[in-house]
4 protein chains.
Amino acid sequence: MRTQVDSPVRERVMRAAISLFAAKGFATTSIREIADAAGVTKGGVYHYFESKDDLLFEVHTRMLRMQTSRMHTIADDDTPLPDRLHAIIADVVETTIANLDEAVVFFQSVHLLAADRQAQVRAERRAYHSRVRDLVAEGQASGVFRGDVPADLVVHYHFGAIHRLGLWYHADGPMTAEQVGVYFADMTLASLRP
Amino acid sequence: MRTQVDSPVRERVMRAAISLFAAKGFATTSIREIADAAGVTKGGVYHYFESKDDLLFEVHTRMLRMQTSRMHTIADDDTPLPDRLHAIIADVVETTIANLDEAVVFFQSVHLLAADRQAQVRAERRAYHSRVRDLVAEGQASGVFRGDVPADLVVHYHFGAIHRLGLWYHADGPMTAEQVGVYFADMTLASLRP
Amino acid sequence: MRTQVDSPVRERVMRAAISLFAAKGFATTSIREIADAAGVTKGGVYHYFESKDDLLFEVHTRMLRMQTSRMHTIADDDTPLPDRLHAIIADVVETTIANLDEAVVFFQSVHLLAADRQAQVRAERRAYHSRVRDLVAEGQASGVFRGDVPADLVVHYHFGAIHRLGLWYHADGPMTAEQVGVYFADMTLASLRP
Amino acid sequence: MRTQVDSPVRERVMRAAISLFAAKGFATTSIREIADAAGVTKGGVYHYFESKDDLLFEVHTRMLRMQTSRMHTIADDDTPLPDRLHAIIADVVETTIANLDEAVVFFQSVHLLAADRQAQVRAERRAYHSRVRDLVAEGQASGVFRGDVPADLVVHYHFGAIHRLGLWYHADGPMTAEQVGVYFADMTLASLRP
DNA sequence: AATGAATGAGGCTTCATTCAT
DNA sequence: CATGAATGAAGCCTCATTCAT
């Protein structure tokens, strides 16, 4: 009775959902559209996912898991703190661009998740934020970063910029993901110079 | 035939709509909910607005008109360019915070507008972006700003941060709108230092 | 925004629902069937009732209100107790037959009501049962009824018979409602003779 | 090809179905729920039963076969007629209580059977009713029962009471099945005294 | 003997909108 | 001005059933 979690059909449905959610918004996308795009019947979608909310939730957990783990890995390095912050930003920009549809959904649709899952996702996002803020605060305490700006606001500021990436970046534009990552990280560090 | 634009009832409906759109999303808010929140019947809503899309469109035109005109006023000043950029950012942050619900809707829901109006709003937004980008480029050309970062990306970056304001700022938090405005503007300029 | 509680259309919908619920069962009757039978669209049904459960609930409250109030009125008389019990039974049989469809639904579909309403209806039904049982117990205490049968069981027995009326009685059969009422009441009293 | 009728798995499925049908109603119970409750997959259910209706039908045939045969056995005795009627009632009450879930389904869900089978079950039930009615009529003709009440109505009355048993009797209540059987039978006979 | 995949029909409900009054 | 009635389309979801393995 348990359903394959990694069936190719399931993955096709998930892909179709992500792409449509990103393009037209979660609430405006119907299960029928997802089914059509995935080449399945509506019932087929429900064979692999219990509800529309499930689809949305899975986008969030995937992204959260990935980005959180990568960030922590870098943050735990023993390189100099500014290098770590730089690397974190460059990396999150790159993975965001590498999964642009997912990212759009992830950063625009938390408020459409069912209440309990929304709370869960928000909590994990706050944890992410906290970890980065602590890095900033640490740098401020040690003097490598300017200390006259609240660390929380610093994080909101620079990650806010990242969260909007999906709304303007295009793969066929003039910049690669890597370039954008470096630019972003550079600007962050520049604005933190004491 | 059309009622005066500032009829208190009309305004109440608009307010209710903005608040609900910001809280739960445009697509997830029903006319019924708006009517209830405004203390009107559904028919009442349709008396003042032709469609649900009308409500959304008006949020966008209000914000666009206001923010565009303020930005241009400042940009046209004859003070030094960095001061003008600083003022523009501080001001847009303040007006964004002063109209936080509207801003949330404005920055999150363009893609839900009817096609033609969406195109119109996007075009005006691009014009806003262009004007600011030209300011940055001008500064880069004259050497007051560092020139190694594409001006377009600079604008996307710093305005991206502003567009996320509504998702974390709270009026009862530790910072006033003015403070946030100055912090943001400071960080922008810091990151542009040659 | 409030809807007429006594609109003729509303009543037509209610009638159609009762008749269909009685004929094919609540769960097996679709809103579309009700709408068709009432000459309304599906949306029309929802204009007057919030949910399918609402329709079912209203059948229950109508019957409960009516039968409870009639029973209490008779029970409060100051005629001899056996006469009162006789009158109660004859009356409930008559009103049951007079509203046979409603009665069928009422006696067969409590378990399909939404949980909270089901609890409410069951509670009120228990109160009805209690009142009648107290009458029986009183008669047993005073010696006008035989005392060797638990009063609760007596009530379950004789009202059980009444609750099945709708499953066999036909208006075009050989007996009038009044006749059945008297027969039933006679048998009840006969079986209680000391 | 068909598996032995008493395969433990088959029986487990049947038990689960009966219990769920009794608790929530036939139409409201899904094959999925039955499968889960029986610890089988949906396919498993279909391995033993051709359709959902099959399950319901089997409940009916089981009960019918059992109760009809027991009733006839007693009715064919050569003991005095009132004793036979008393024994029939006491016995049907006991077997009803002994199979309470099945009884609930049996007495509440005929109308949900497929048309042809429903006709068949109803016919057999009528035959049961007829036989008992004939006993009553015989007693009335011979003067051991009062003759002023139609025999059909007498049977509807007293068996109606029995058919509601499942809706109030609880195994952990104050009365055993045997006690209830005797009480019921006593009341029936008392109400028939000339 | 048993299962997981897949389907297609249908169910309940919501909702933007129109309209007569 | 404003309302309640009414509609029709669409949405999410459930489910009995079939089938290949």
Side-chain angles (χ1 to χ4, degrees), chain A residues 1-4 7-10 13 27-35 38-55, chain B residues 1-4 7 9-10 13 27-35 39-55, chain C residues 1-4 7-10 13 27-35 38-55, chain D residues 1-4 7 9-10 13 27-35 39-55:
Chain A
M1 223 104 198
R2 201 67 305 237
T3 281
Q4 294 281 109
S7 126
V9 178
R10 188 180 196 281
V13 172
T28 329
T29 299
S30 75
I31 294 281
R32 198 179 56 67
E33 286 171 304
I34 296 171
V40 197
T41 59
K42 257 188 308 175
V45 173
Y46 280 95
H47 183 65
Y48 291 102
F49 299 91
E50 287 193 351
S51 70
K52 199 185 169 192
D53 191 76
D54 254 33
L55 282 161
Chain B
M1 193 98 295
R2 195 79 307 199
T3 324
Q4 294 169 21
S7 135
V9 177
R10 189 181 196 281
V13 171
T28 328
T29 300
S30 72
I31 297 279
R32 172 75 195 279
E33 286 171 302
I34 297 171
V40 200
T41 59
K42 259 191 306 182
V45 173
Y46 277 92
H47 183 68
Y48 291 105
F49 299 91
E50 287 192 353
S51 71
K52 198 183 168 191
D53 193 75
D54 258 30
L55 282 160
Chain C
M1 221 106 202
R2 201 67 305 238
T3 281
Q4 295 280 110
S7 129
V9 178
R10 188 179 197 280
V13 171
T28 328
T29 299
S30 75
I31 295 281
R32 198 179 57 65
E33 287 171 304
I34 296 171
V40 197
T41 60
K42 258 190 305 177
V45 173
Y46 279 93
H47 183 65
Y48 291 101
F49 300 91
E50 287 193 352
S51 69
K52 198 185 170 191
D53 192 76
D54 255 32
L55 282 161
Chain D
M1 190 100 293
R2 193 83 302 204
T3 324
Q4 295 165 20
S7 139
V9 177
R10 188 179 197 281
V13 171
T28 328
T29 299
S30 72
I31 297 279
R32 174 73 197 281
E33 285 171 302
I34 296 171
V40 200
T41 58
K42 256 192 307 180
V45 174
Y46 276 93
H47 183 68
Y48 291 104
F49 298 91
E50 287 193 354
S51 71
K52 198 184 168 192
D53 192 75
D54 258 30
L55 282 160

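Residue numbering restarts at 1 for every chain, and letters A, B, ... go by the order of the sequence lines. All values below were derived from every heavy atom in this structure, side-chain atoms included, with hydrogens, water molecules and symmetry-related copies excluded.
Here the closest heavy-atom approach between residue B/Phe49 and residue B/Arg10 is recorded as CE2-NH2, 3.4 Å. The shortest non-hydrogen separation linking A/Val13 to A/Ala38 is CA-CB, 3.8 Å. Residues B/Val40 and B/Val45 approach most closely at CG1-N, 4.3 Å, considering heavy atoms.
In DNA chain E, stems built from 3 or more consecutive Watson-Crick or G-U wobble pairs, each with both distances under 3.5 Å, span E:2-21 with F:2-21.
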Exercise. Could you encode protein contacts along nucleotides 15-21 of chain F as a string, one character per nucleotide from 5' to 3', using B for base contact, S for sugar-phosphate-only contact and - for no contact, with a heavy-atom cut-off of under 4.0 Å?
Key: SSBB---
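Taking for each of D/Gly39 and A/Gly39 the nucleotide of DNA chain E with the nearest heavy atom, the 5'-most of the two is the partner of D/Gly39.
Taking atom CD1 of residue A/Ile34 and atom P of nucleotide F/dG11, one finds them 11 Å apart after rounding to whole Å. Here the C1' atom of nucleotide E/dA2 and the CZ atom of D/Phe49 are 15 Å apart, to the nearest Å.
OP1 or OP2 of E/dA1 sits under 4.0 Å from a side-chain N or O of D/His47. Put simply, A/Tyr48 has no side-chain N or O that comes within less than 4.0 Å of OP1 or OP2 on E/dG4.
Among residues two or more places apart in sequence or in another chain, the side-chain contact (heavy atoms from CB on, under 4.5 Å) test is passed with C/Ser51 by C/Asp53, C/Asp54.
The NZ atom of A/Lys42 sits 9.0 Å away from atom CD1 of A/Ile31, with the distance rounded to the nearest 0.5 Å. Put simply, OG1 on D/Thr41 and CZ on D/Arg32 are 10.5 Å apart, with the number rounded to the nearest 0.5 Å.
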